[in-house]
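So the structure is just underneath, and the comments pick up after that.
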Amino acid sequence: MKLIRYGNPGQEKPGLILSDNKRIDISGFGEDFNEHFFGTDGLKRLRIWLDENKQNCKEISPSERLGPPCCRPSKIICVGLNYAKHAAEGGMAVPSEPVLFFKASSAIVGPNDDLIIPKGSDKTDWEVELAVVIGAAASYVENESAMDHVAGYVLHNDYSERHFQLEREGQWVKGKSCDTFAPIGPFIATREEIPDPHNLNLWLKLNGKTVQNSNTSDFIFDIPTVVSYISQFMTLLPGDIISTGTPFGVGLGMKPPRYLVPGDVIELGIDGLGSSKQVARSFQ
Ligand code: MG
């Protein structure tokens, strides 16, 4: 299934994209895509409900805004430097175990919402990433069973303010958490939609020019490793998002570096997970 949420910010309703690309409202199911939904076998219950009710679901107008395809999760955990060539462009060594950092969940916006360049920023950068949505709580899970805790996958742009991230002391969280720094979507693809998440092309274009173009087969740490690893330090809750890192081609790595300015258009996509588009705006 492909899960979406649509409507005005803060008032989104749940929906689905069907195999014929028709988008339907599933408000009648009575639940939103949140921790309770994922943690109580909501995907299975939704499938059963659809068998009875799909034909009565109203179609969603193509003009409706898409919101983030899940409710705000308890946390977003990001993996840094998970593609060898990206680590090299940042001048950083390939890590011996996953590098983790947090991103505030208040940064989440819809896939095509504007990027707001934060106050005082002159180094806002892009990062196309495959994100994983947790389906069942995970604490001290082994690699072998880690995928049982995954509900699906979603496209994410891990926007990053490099000055805040790298030149302001302490952890990366300052440069990762600004409002609008986590556009996710257009949809969550449930696991069966993506048979091999470790062989997906992912790309990002800046003003129509391709700047990132890689494949998740270049991961240093694969998804089961990352899920198992994080679960050694914290409990992953249903609906939590893990962003698996970005490939080569961010603005920081260009010579000279290229950072975002108002009016820039950022488009990104991953095989099987659709595409998104943000326009950069200045903070008002
Ligand atoms: Mg990243």
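Both ligands and their constituent atoms are indexed starting at 1 by order of listing.
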Q: Mark yes or no for whether N157, through its side chain, and E127, through its backbone, hold a donor-acceptor pair below 3.5 Å.
A: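 It does hold such a pair.
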Q: Would you confirm whether S177, through its side chain, and V173, through its main-chain N or O, come within 3.5 Å as a donor-acceptor pair?
A: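 A pair under 3.5 Å: yes.
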(Q) Closer than 2.8 Å to the Mg ion (ligand 1), what protein N/O/S atoms do you find? (A)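 Protein N, O or S atoms closer than 2.8 Å to the Mg ion (ligand 1): E127 OE1, E129 OE2, D158 OD2.
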(Q) Assess whether a salt bridge exists between E192 and R47, defined as any Lys/Arg side-chain N lying under 4.0 Å from an Asp/Glu carboxylate O. (A)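 Between R47 and E192 there is a salt bridge, with a charged N closer than 4.0 Å to a carboxylate O.
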Q) Going by an N to O cut-off under 4.0 Å, is there a salt bridge joining D25 and K13? A)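 Salt bridge absent between D25 and K13.
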Q.
Do N143 and T225 pair up side chain to side chain, a donor and an acceptor below 3.5 Å, judged on atom types alone?
A.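 Short answer, yes.
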Q.
For D125, give me all partners under salt bridge (Lys or Arg N to Asp or Glu O under 4.0 Å), at least two apart in sequence or on another chain.
A.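 With neighbours one apart ignored, the set is R162.
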